[in-house]
Amino acid sequence: MFGKEQKIYKFEKIKRAKRAALAAHPGVELIDFGVGEPDEMAFPGVVQTLQREAEKPENRGYADNGIQEFKDAAARYLQKVYGVTGVDPETEVLHGIGSKPVLAMLPAIFINPGDVSLMTVPNYPIMGTHTRWYGGTVVDMPLYEENDFLPYLDSISADVRKRAKLLYINYPNNPTGAGATTAFFEKVVKFARANNIIVVHDAAYAALTYSARPLSFLSIPGAKDVGVEIHSLSKAFNMTGWRLSFMAGNERVIAGYRNVKDNCDSGQFKAIQKAGVYALDHPEITDEITVKYERRLRAMSGVLTGMGFNAKMPAGTFYLYVKMPKGVKNGRIFVSAEDFSEFLITEKLISTVPWDDAGSYIRFSATFESKGKTDEQRVLDEFKKRMGSLQFEF
Ligand SMILES: Cc1ncc(COP(=O)(O)O)c(C=O)c1O
């Protein structure tokens with residue numbers, strides 16, 4: 001199976017459509033709302049820490065399961081930003097080379113043939129993919145607007161509950177931008193305890209919120225008994241390429257992860273972990289990043305709302321998740337979000353990401369490139385102009 005599949009994946013299709021649109025309209029600027037990573041560099045203090053630490057001989061070797069300073073900084077960060085207390089940095093925290101490999105390793109610990117991972121959809125699919133590779137089954141929990149993009153836990157059947165080992169949730173959510181509530185997290189803890197399921201909360205965007213304070217699953221009483229939370233420095237600190245994350249929570253799950261990780265990698269470069277300590281000790285970096293995304297998201301939401309789209313500000317993330325229109329007035333009918341997204345790139349050189357998993361929506365990311373604030377406004381004006389030449393039917 002590996003390396004032999006012929007299927008073309010969504011993101012490869014998007015890349016191809018982008019190339020074709022650029023070739024068909026030479027010299028026209030492509031407005032890229034498709035990217036899922038920050039458009040700016042890590043902040044100077046983080047970069048300077050790496051520069052300094054990279055020169056020290058003591059940082060040169062294998063980092064194995066991570067340095068204690070980073071774990072201590074992670075526990076401090078959880079307390080400062082999320083008000084989470086009582087996390088033991090020795091036994092309840094472990095670093096990762098980004099959250100992607102952490103999600104990839106979890107099924108190795110828990111999934112045997114026949115076991116189930118419950119995954120919200122649309123989603124970041126890594127834990128589900130690896131669940132299948134270990135012979136497990138993925139059961140989707142669709143996220144619908146009418147339920148605020150939270151899964152319907154009550155409708156999961158008794159058979160699935162019995163076979164389920166892992167439950168994946170991710171809030172604020174990629175791609176819907178929805179946030180969780182304390183009440184929802186409490187329900188998850190209860191559900192996990194009643195059914196003996198381990199909760200994996202992917203908190204990749206948890207610090208990027210607009211209307212409420214960042215919320216950690218670990219702030220819920222009893223959460224540590226049933227689960228773990230994975231934090232990433234990628235989005236909150238503009239550090240996608242640096243590859244740094246940490247998992248915190250249930251001691252036994254952390255111990256399992258430590259064992260698998262020890263047999264997969266040798267840890268992130270210690271100098272990067274030390275730069276990570278600097279970042280975690282400066283959460284005001286995230287506040288500054290959030291101001292920019294909020295400004296952009298409000299402007300994008302304004303343009304789309306003015307055209308008839310339901311484009312509400314998200315609770316968090318840097319994404320706007322917008323239901324596709326039925327079609328263009330007196331013209332083309334869209335059969336799927338993929339179809340609509342292809343129309344926007346082909347006709348207007350506007351790149352987005354389509355999702356057809358639970359309804360048909362497209363995702364606009366506020367991480368488009370611009371050279372400063374004036375240029376940002378120019379991109380947004382150009383977006384408005386291009387969209388303004390279209391009339392949609394909903
Ligand atoms: C929901 C979600 N989880 C995890 C990741 C991966 O992040 P990292 O850079 O920490 O591997 C992403 C990246 O886009 C994501 O969207």
Side-chain angles (χ1 to χ4, degrees), residues 11 14-44 47 172 174-175 177 205 208-211 234-241 285-314 316-325 328-329 337 340-354 361-392:
F11 287 94
I14 294 169
K15 276 188 201 158
R16 289 184 190 186
K18 271 200 228 181
R19 281 198 296 269
L22 280 170
H25 305 276
V28 180
E29 179 184 17
L30 185 134
I31 303 181
D32 201 344
F33 293 129
V35 241
E37 59 175 309
D39 55 304
E40 287 194 78
M41 276 187 64
F43 277 41
V47 175
N174 174 12
Y205 299 87
L208 301 174
T209 60
Y210 306 110
S211 46
S234 291
K235 325 274 164 142
F237 296 100
N238 290 349
M239 290 171 71
T240 37
I285 292 177
T286 310
D287 298 337
E288 218 177 293
I289 292 172
T290 309
V291 167
K292 183 181 94 175
Y293 293 144
E294 179 164 10
R295 181 177 71 232
R296 289 178 167 202
L297 286 165
R298 286 200 187 282
M300 290 154 67
S301 142
V303 170
L304 292 165
T305 307
M307 302 190 62
F309 287 90
N310 180 9
K312 282 195 294 270
M313 263 302 281
T317 74
F318 37 60
Y319 304 120
L320 275 185
Y321 187 67
V322 179
K323 198 170 191 170
M324 78 164 190
V328 180
K329 205 167 180 187
F340 177 47
S341 177
E342 197 194 313
F343 167 83
L344 285 180
I345 185 75
T346 309
E347 302 292 324
K348 297 287 162 194
L349 268 82
I350 296 170
S351 174
T352 58
V353 177
Y361 290 78
I362 61 168
R363 191 189 76 181
F364 290 86
S365 177
T367 54
F368 58 87
E369 290 208 16
S370 75
K371 299 172 202 78
K373 251 193 192 174
T374 318
D375 193 46
E376 174 183 306
Q377 193 52 51
R378 185 195 58 78
V379 176
L380 290 165
D381 290 344
E382 180 63 23
F383 171 53
K384 190 173 179 180
K385 195 170 110 200
R386 289 190 200 178
M387 290 301 275
S389 62
L390 296 165
Q391 267 193 303
F392 293 111

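Numbers here simply count residues along the sequence, with the first being 1. Not measured: the values here are computed from a predicted model.
In this structure, CZ in F318 is found 11.0 Å from CE in M300, a value given to the nearest 0.5 Å. Interatomic distance, CG of L320 versus CZ of R298, reported as 10.5 Å (0.5 Å rounding). Atom OG1 of T286 sits about 3.5 Å away from atom CZ of F237, to the nearest 0.5 Å. Between atom CG of residue L304 and atom CD1 of residue I362 there is a gap of 7.5 Å, rounded to the nearest 0.5 Å. Atom CG in D381 sits 12.0 Å away from atom CZ in R386 (nearest 0.5 Å). Expressed to the nearest 0.5 Å, how far OG of S365 lies from CD of E37 amounts to 9.5 Å.
Between G34 and D32, the shortest heavy-atom distance links the atoms N-OD1, 2.9 Å. Of all heavy-atom pairs between A42 and V47, the closest is O-CG2, 3.8 Å.
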| task | Could you go through the side chain to side chain contact (heavy atoms under 4.5 Å, CB included) check for V379 and I31 one step at a time? | result | CA-CA 7 Å; V379 176; I31 303 181; 4.0 Å; yes
| message | Run the side chain to side chain contact (heavy atoms under 4.5 Å, CB included) test on K18 and I345 for me, step by step, so that the C-alpha distance in whole Å, both residues' side-chain angles and the decisive distance to 0.1 Å come before the verdict. | response | CA-CA 7 Å; K18 271 200 228 181; I345 185 75; 3.9 Å; yes
| task | Take M387 and I350 through the test side chain to side chain contact (heavy atoms under 4.5 Å, CB included) and record every step on the way to the result. | result | CA-CA 9 Å; M387 290 301 275; I350 296 170; 3.8 Å; yes
| task | List the steps and the verdict of side chain to side chain contact (heavy atoms under 4.5 Å, CB included) for Y293 and T317. | result | CA-CA 9 Å; Y293 293 144; T317 74; over 6 Å; no
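Relative to the ring axis of F368, R296 places its NZ or CZ within 45° and under 6.0 Å from the centre.
T352 is not listed as a side-chain neighbour of Y361, based on a closest heavy-atom distance of 4.5 Å or more. Counting heavy atoms from C-beta outward, F364 and F383 have side chains that approach closer than 4.5 Å. At a threshold of 4.5 Å between non-hydrogen side-chain atoms, the residues M313 and E294 count as touching. Contact check for F33 versus S351: no side-chain heavy atoms found under the 4.5 Å cut-off. Inter-residue side-chain proximity for V303 and L380 is flagged as unmet; no heavy-atom pair is nearer than 4.5 Å.
Ring planes of F392 and F343: perpendicular class, angle over 60° (limits at 30 and 60°).
Residue E369 places its CD atom among 12 or fewer non-hydrogen atoms of other residues, nucleotides or ligands, all under 6.0 Å distant. At most 12 non-hydrogen atoms from other residues, nucleotides or ligands lie less than 6.0 angstrom from CD of E288.
One finds a salt bridge joining E40 and K292 here, because a Lys/Arg side-chain nitrogen approaches an Asp/Glu carboxylate oxygen to under 4.0 Å.
Considering R378, K385, K384 in turn, K385 is the only one that fulfils the salt bridge (charged side-chain N to carboxylate O under 4.0 Å, His left out) rule with E382.
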